[in-house]
Amino acid sequence: MPKNSAASADQPRDKAGASVVVGLLAVLVVLFGGSYAAAHYIAGDRVPRGTTVSGVDIGGHPQGEAADRLQAGLADKLARDLEVTVDGRPVSVDPAAAGLDVDYEASVAEAGGERSWDPVRLWNYFTGGESTEAEVVVDDAAYNAWLATLDEQHGEAAVDGAVGFDGGEITRTAPVTGRALDPADTLAALRGSFLADDPAPVALETTDVVPAIDAGDVQEALDSFASPAVAAPVTIDFQGESVKVFPADYTAALSLVPTDGELVPTLDPAVLAEVIGARVTTGAPVDATVQLVDGTPQVIPSKPGVTFDQAQLEAGFLDVVAKPQGQRTLALDAQVAQPEFTTKDARALQVKERVSTFPTYFPYAEYRNVNIGRAAELIDGTLLKPGETFSLNDVVGERTEANGFTEGFIINDGILVQDLGGGVSQMATTTFNAMFFAGLEDVEHKPHSFYISRYPVGREATVAWGSVDLRFRNDTPYGVLIEADVTPSTPTSQGVATVSMYSTKWWDITTTTGKEHNLTQPKTRRIDTVECHPNEGYGGFDIDVVRYFEPAGKNTEQRDPETFSTTYIPSDTVICTNPNATDG
């Protein structure tokens with residue numbers, strides 16, 4: 001038979017054998033794959049059998065359940081205090097206060113309690129796990145706070161060396177080495193004892209803490225800057241004039257600030273400018289303003305000034321103050337100093353005409369002449385720019401003898417008593433009414449507790465230093481100049497307080513006053529004190545005043561009427577029962 005015919009006969013048998021082998025392999029792969037999948041399914045996220053974490057058996061349990069079992073098993077250890085000694089002195093440490101805790105989920109995962117196709121993981125599950133330690137976590141903020149408290153109780157803070165000035169004298173602080181616990185070593189020792197089965201006391205030792213500024217740094221600062229700084233005055237050359245400035249004056253602007261382990265000379269520019277400016281003759285700039293001249297508002301122009309170059313002073317002073325005698329001169333160039341509020345600014349305020357004026361009258365009393373007159377003097381000439389708020393207490397200041405005030409009668413708890421500044425409310429009422437008819441915004445005002453007949457009913461104000469103020473805002477686009485004037489009273493004539501406001505008219509103001517309602521009756525008080533002021537009482541009431549706004553000039557704004565509602569309490573009758581009572 002030909003060769004080709006024999007080969008052809010063998011080929012079917014070879015192919016059949018190969019198919020059988022492939023088939024067997026396929027069966028084996030399926031069987032093995034099925035077993036592997038079954039093993040993965042059985043293991044799931046269970047912890048390998050026989051696994052313990054910090055002595056707690058969690059083997060064979062799913063991850064969540066294992067974490068719960070671990071937390072329960074470690075509960076007693078987490079609740080106990082750690083016995084510690086610091087330099088031999090015993091201390092009980094609450095682990096939670098020191099920021100120590102356990103991450104239970106991470107501990108279980110580390111022990112093999114998580115789903116995985118990794119054959120090693122599956123092998124470990126069926127053949128048994130290992131003994132591992134729980135994952136201890138630390139709250140850094142809590143740990144650092146606890147450590148700081150322990151250092152404060154058992155250590156000693158390091159003291160940085162320092163150099164300063166007291167007038168023309170040098171002050172110094174000697175550096176002191178401190179004692180404190182090493183943060184890393186302390187944490188490692190606590191971690192080791194935290195979950196131990198039978199922990200021995202943890203022995204902690206404080207170590208030296210070297211100050212950031214040591215004796216060498218102090219000496220360097222003394223030699224290079226502080227000692228030269230007070231050795232001699234500094235000469236300032238300005239516009240052909242030489243002025244000596246002495247250490248007792250300029251050291252207030254100098255300091256040595258710890259920076260990166262050194263004491264660095266530092267300058268306070270504002271303090272230095274004030275010191276030099278007080279000794280070097282300059283012409284300060286003058287702001288523009290608006291004043292009444294023969295009863296008409298006029299712009300008083302601004303004026304530029306001449307001053308030294310501030311940047312030049314700041315750049316050169318630290319260098320020159322550390323130089324030896326004979327080289328301690330700093331030349332300063334002159335600069336034009338521009339005013340903050342210019343003539344153009346003042347003209348833009350358009351203060352052109354009187355937009356309101358209001359007088360009030362008061363009976364003779366010398367304290368009224370003094371106090372009302374002094375308040376008017378302080379208020380007169382106040383210029384309110386658009387958006388600015390007037391405060392009578394800020395402008396007039398505290399009513400003291402040093403500020404020009406004397407004792408007079410005020411209302412307190414519904415009766416008259418004596419106090420410094422009595423009568424100033426007359427000026428408050430007058431100013432309030434001038435503001436009212438100028439159409440400015442009422443920010444704060446408080447009527448008197450009971451009605452005083454010389455004031456417009458429902459349209460008056462009282463003030464008291466530190467508690468009750470009169471405040472209003474210039475809510476127009478123009479400036480407002482306030483004029484305040486007082487004609488003193490005499491034994492035969494009333495005094496007159498007048499406040500006028502100048503601007504460009506923005507509102508025409510009208511007002512109506514309602515009828516008295518909710519009438520109340522006075523009581524009678526018998527006061528048995530030496531200082532007593534008898535009074536004939538009268539009733540109280542409520543009243544409403546309405547302010548109406550009508551646009552004026554270029555104003556196109558519409559504004560609703562504004563109602564001021566006031567409740568006056570009765571003025572009680574006061575009978576002085578003390579035979580030695582004096583009315584004054």
Side-chain angles (χ1 to χ4, degrees), residues 140-141 144-145 147-149 151-152 155-184 206-238 243-280 282 307-333 335 337:
D140 290 338
N144 290 332
L147 189 63
T149 300
D151 282 338
E152 184 178 339
E156 183 178 349
V159 177
D160 284 345
V163 176
F165 301 98
D166 182 7
E169 301 294 325
I170 297 173
T171 63
R172 70 189 76 186
T173 301
V176 177
T177 298
R179 299 282 298 177
L181 294 168
D182 181 88
T206 59
T207 58
D208 286 347
V209 178
V210 178
I213 304 298
D214 60 20
D217 300 319
V218 170
Q219 192 60 50
E220 172 65 20
L222 290 169
D223 295 341
S224 64
F225 184 79
S227 296
V230 299
V234 170
T235 300
I236 303 295
D237 282 349
F238 180 69
V243 177
K244 289 186 182 297
V245 185
F246 291 88
D249 300 314
Y250 63 68
T251 53
L254 304 179
S255 57
L256 288 129
V257 178
T259 306
D260 296 331
E262 297 180 354
L263 290 173
V264 177
T266 306
L267 185 67
D268 186 326
V271 173
L272 183 63
E274 183 178 351
V275 170
I276 302 303
R279 287 156 181 80
V280 175
T282 62
T307 186
F308 51 82
D309 187 331
Q310 176 73 19
Q312 200 175 37
L313 175 65
E314 293 177 24
F317 195 81
L318 284 178
D319 180 55
V320 76
V321 81
K323 288 184 176 181
Q325 294 192 43
Q327 302 177 37
R328 300 169 68 81
T329 298
L330 180 61
L332 299 178
D333 296 331
Q335 277 191 339

Heavy-atom closest pair, residues [X] and [Y]:
| X | Y | result |
| --- | --- | --- |
| Gly161 | Leu263 | O-CD2, 4.2 Å |
| Ile213 | Val218 | CG2-CG2, 4.2 Å |
| Pro269 | Gln310 | O-NE2, 3.5 Å |
| Ala212 | Asp217 | O-OD2, 3.5 Å |
| Leu272 | Tyr250 | CD1-CB, 4.5 Å |
| Ala273 | Phe308 | O-CZ, 3.9 Å |

Original post:
Leu313 pairs by side-chain contact (heavy atoms from CB on, under 4.5 Å) with which of Leu330, Val320, Val280?
Top reply: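 That would be Leu330.
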What's the spacing between [X] [atom1] and [Y] [atom2] if we round to 0.5 Å?
| X | Y | atom1 | atom2 | answer |
| --- | --- | --- | --- | --- |
| Asp237 | Leu332 | CG | CG | 8.5 Å |
| Asp249 | Ile276 | CG | CD1 | 8.5 Å |
| Asp309 | Glu314 | CG | CD | 9.0 Å |
| Arg179 | Thr207 | CZ | OG1 | 6.5 Å |
| Leu318 | Lys323 | CG | NZ | 12.0 Å |

**OP:** Please answer whether the main-chain N or O of Leu181 pairs with a side-chain N or O of Asp151 as donor and acceptor at a distance below 3.5 Å.
**Re:**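 Side chain of Asp151 to backbone of Leu181, a donor-acceptor pair under 3.5 Å: yes, one is there.
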Heavy atoms, side chains only, cut-off 4.5 Å: are [X] and [Y] in contact?
| X | Y | result |
| --- | --- | --- |
| Leu254 | Leu267 | yes |
| Val234 | Lys244 | no |
| Arg328 | Val321 | yes |
| Leu222 | Gln219 | yes |
| Pro233 | Val245 | no |

When the side chains of residues 162-176 are checked against the rest of the protein, which donor-acceptor pairs come out under 3.5 Å, sequence neighbours left out?
unit_1	atom_1	unit_2	atom_2	d
Thr171	OG1	Gly164	O	3.4

**OP:** Could you tell me which residues satisfy side-chain hydrogen bond (donor to acceptor under 3.5 Å, both in side chains) with Gln312, sequence neighbours excluded, listed by chain and number?
**Re:**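 Partners of Gln312 by the side-chain hydrogen bond (donor to acceptor under 3.5 Å, both in side chains) criterion, ordered by chain and then number, come out as Asp333.
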Subject >> side-chain contact (heavy atoms from CB on, under 4.5 Å) between Thr177 and Asp214, worked out >> reply: CA-CA 9 Å; Thr177 298; Asp214 60 20; over 6 Å; no
